[in-house]
Amino acid sequence: MTKQYKNYVNGEWKLSKEEIKIYAPATGEELGSVPAMSQEEVDYVYASAKVAQKAWRALSYVERAEYLHKAADILMRDAEKIGAVLSKEIAKGYKSAVGEVIRTAEIINYAAEEGVRLEGEVLEGGSFDPASKKKIAIVRREPVGLVLAISPFNYPINLAGSKIAPALISGNVVALKPPTQGSISGLLLAEAFAEAGLPAGVFNTITGRGSVIGDYIVEHEAVNYINFTGSTPVGEHIGHLAGMRPIMLELGGKDSAIILEDADLDLAAKNIVAGAYGYSGQRCTAVKRVLVMDSIADKLVEKVSALVNNLTVGMPEDNADITPLIDTKAADYVEGLIKDAQEKGAKEVISFKREGNLISPVLFDNVTTDMRLAWEEPFGPVLPFIRVNSVEEAIEISNKSEYGLQASVFTNNFPLAFKIAEQLEVGTVHINNKTQRGTDNFPFLGAKKSGAGTQGVKYSIEAMTTVKSTVFDIAK
Ligand code: NAP
Ligand code: G3H
């Protein structure tokens, strides 16, 4: 029998009556089981977290930071062990999986440091009204309370840690709901917080299928803040359930790389390939379409296809560049987009091959805007080139997307790059680099259907705290 993983609740490890078996996407090997929590068990998680918050928020920032630094040290110590499990559970290359754990430890350390630097302010009433010159407002930031952190399958540890650490340092308590495929990894992250000795109830986990318990855990009145990363449909649904409660949504994307005539094409090609095919395209920030000036398109396609042909296709433990997708439904969806582009006459520069859920990298040229591949997020290793004739056309196609996560512009004309950046309806524009979330102190956000709210360590702390103003008359 494989290991039965347990939830961490109120300082104890707990099984539930029901369990969910977790299998490796690449091999089908059974990796273990996680509890499928009942609604009553969720009630207990939330009730104990609420009780724990009083003492936790009463601690000083320095005291809370010490716990976070300990958890980060444990993750660094165990990065390879946890990375090996993560690699199997989500079919992510082993080195990248270890990198995800280390990056999480770095975020936790940075959040601890950022928290101790958090400052309030004092406002003078006399700045607005001479008659109020004896009034001052002492403005501080307070924790929001209980934060529900929901992470996606592609970064089950990192996109959990990037929510948990800023929440905890600011005096909140947390319930983590990891993705079902990724929940063993989420529970290994919990082990680090448990070993760091966090007081009981401050950090807890909830496992179970989102489709079964998702609504219940979100709608629950105990939750004060919902911090979600995942797909746009689920994010929109959670947004409706959240009602008036504050929320952070980091959702899907259709990031464009815009390549101008004067661009360094070798640099662009290298970044496009790394950006589009890393973790087999299963990144919200993957380059999901290339908008290239027609005059240089042939040259760029040649350079990109040479690099794509060098990508290795295989198993996560061998650090292959392209590994099996997370499940059959995901692979079928990618195949559907590819078939649509084939039928509508796109040029298949590197052809589609599929074995089970393993899809070899696919490259299309001459994709047109009537094709699904121009607009939909594949979350797989397929990249469309769309040829354009002007900067305006590139901006127009980029902005027509329902998504607005990020975009890249490749050019050496920096004034023009900044002008384009101003017009792109996205959260972040990268100049001469691939789209990407990091570094993790930067703001990370999506416009339109790519999200609501801003993450990034300092921004996440701000989001999960609320302003409290105490007004005082210094003399009567
Ligand atoms: P997903 O299907 O939306 O699931 C995300 C998380 O939500 C999982 O933990 C899932 O649990 C949970 N969930 C599902 N239904 C729920 C409900 N009704 N209530 C509460 N939670 C629910 O997304 P995914 O397939 O894991 O991730 C891929 C998507 O995430 C892509 O669209 C990608 O672009 C996006 N993403 C965005 C960012 C960003 O920062 N913008 C980062 C990473 C990924 P179960 O696994 O149990 O269903
Ligand atoms: O999948 C979405 C992640 O936020 C992307 O992060 O750009 O560091 O891979 P990344």
Side-chain angles (χ1 to χ4, degrees), residues 7-8 56 64-87 89-90 92 96-115 147-179 181-198 202-207 225-230 248 250 279 283-285 436-444 453-464:
N7 270 306
Y8 189 58
W56 180 247
R64 289 197 293 263
E66 270 176 30
Y67 287 107
L68 293 195
H69 287 307
K70 270 190 207 155
D73 288 347
I74 293 161
L75 284 179
M76 287 301 252
R77 182 196 71 198
D78 293 347
E80 294 193 352
K81 204 168 74 185
I82 300 172
V85 176
L86 174 64
S87 169
E89 192 179 16
I90 61 163
K92 181 176 270 192
S96 304
V98 175
E100 174 172 342
V101 181
I102 292 171
R103 181 177 176 187
T104 309
E106 288 168 350
I107 290 178
I108 294 172
N109 276 329
Y110 193 90
E113 290 155 12
E114 197 66 21
V147 172
L148 171 61
I150 304 178
S151 60
F153 83 81
N154 64 339
Y155 278 102
I157 291 185
N158 186 265
L159 284 170
S162 66
K163 298 168 174 39
I164 297 163
L168 290 180
I169 190 64
S170 17
N172 296 293
V173 289
V174 173
L176 166 69
K177 152 75 180 92
Q181 192 71 42
S183 48
I184 293 180
S185 304
L187 296 177
L188 295 182
L189 173 68
E191 281 182 10
F193 282 103
E195 192 185 330
L198 281 179
V202 167
F203 172 69
N204 311 274
T205 59
I206 297 173
T207 55
Y225 190 100
I226 301 140
N227 195 331
F228 172 85
T229 303
M248 172 115 63
E250 299 292 354
Y279 186 34
R283 293 167 51 246
C284 58
T285 48
Q436 58 195 290
R437 171 161 45 112
T439 63
D440 292 306
N441 59 330
F442 289 175
F444 180 61
T454 305
Q455 64 167 312
V457 177
K458 181 178 81 170
Y459 304 92
S460 296
I461 291 175
E462 277 171 13
M464 292 185 281

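Numbering starts at 1 and runs along the sequence shown.
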Trp56-Tyr67 aromatic ring centre distance below 6.0 Å: yes
Side chain to side chain, Asp78 and Glu191, heavy atoms closer than 4.5 Å: no
Side-chain donor-acceptor contact under 3.5 Å, Thr285 with Gln436: no
Shortest non-hydrogen separation from Gly186 to Leu176 and the atoms involved: O-CD2, 4.1 Å
Close side-chain approach of Met248 and Ser460, heavy atoms under 4.5 Å: yes
Smallest separation among heavy atoms of Ala165 and Ala111, with atom names: CB-CB, 3.7 Å
Side-chain donor/acceptor of Glu100 to backbone N/O of Asn158, under 3.5 Å: yes
Residue pair Thr104 / Ser162, side-chain heavy-atom distance below 4.5 Å: no
Shortest non-hydrogen contact from Gly83 toward Ala97: O-CB, 3.3 Å
Close side-chain approach of Ile164 and Leu189, heavy atoms under 4.5 Å: yes
Criterion side-chain contact (heavy atoms from CB on, under 4.5 Å) on Cys284 and Phe444, from CA distance to verdict: CA-CA 12 Å; Cys284 58; Phe444 180 61; 4.1 Å; yes
Working for side-chain contact (heavy atoms from CB on, under 4.5 Å), residues Val98 and Ile102: CA-CA 6 Å; Val98 175; Ile102 292 171; 3.9 Å; yes
Non-neighbouring partners of Arg103 that pass side chain to side chain donor-acceptor pair (under 3.5 Å), sequence neighbours left out: Asp440
Cation over ring face, Arg437 and Phe442, 6.0 Å, 45°: no
Heavy-atom donor-acceptor pair, Thr205 side chain to Leu187 backbone, under 3.5 Å: no
Glu195 vs Arg77 side-chain heavy atoms within contact, under 4.5 Å: yes
Thr454 side, atom OG1; Glu462 side, atom CD - distance, nearest 0.5 Å: 9.0 Å
Pair Arg283-Tyr155, side-chain contact (heavy atoms from CB on, under 4.5 Å): steps then yes or no: CA-CA 9 Å; Arg283 293 167 51 246; Tyr155 278 102; 4.1 Å; yes
Salt-bridge contact Glu250-Lys163 (side-chain N to carboxylate O under 4.0 Å): no
Donor-acceptor under 3.5 Å (Ser151 side chain, Ala160 main chain): no
Student check: side-chain heavy atoms of Tyr279 and Asn154 closer than 4.5 Å: yes
Closest approach of Ile108 to Phe193 (non-hydrogen atoms, all atoms of both residues): CD1-CZ, 3.8 Å
All N/O donor-acceptor pairs, side-chain side in residues 68-76, below 3.5 Å, sequence neighbours left out:
unit_1 : atom_1 : unit_2 : atom_2 : d
His69  : ND1    : Asn109 : OD1    : 2.6

Which atom of Leu198 lies closest to which atom of Phe203, heavy atoms considered: CD1-CB, 3.7 Å
Side chain to side chain, Ile169 and Ile461, heavy atoms closer than 4.5 Å: yes
Spacing of CZ belonging to Phe153 relative to CD1 belonging to Ile90, to within rounding of 0.5 Å: 7.5 Å
Stepwise side-chain contact (heavy atoms from CB on, under 4.5 Å) check, Asn172 with Val147: CA-CA 7 Å; Asn172 296 293; Val147 172; 3.9 Å; yes
Glu89 side-chain N/O to Ser185 backbone N/O, donor-acceptor pair under 3.5 Å: yes
Any donor-acceptor pair under 3.5 Å from Ser96 side chain to Lys92 backbone: no
Expected output: side-chain Asn227 to main-chain Ile150 donor-acceptor under 3.5 Å: no
Glu80 CD: over 12 foreign heavy atoms closer than 6.0 Å: no
Heavy-atom side-chain contact between Pro152 and Pro179 under 4.5 Å: no
Distance in Å, Leu188 CG paired with Leu86 CG, rounded so as to fall on 0.5 Å steps: 9.0 Å
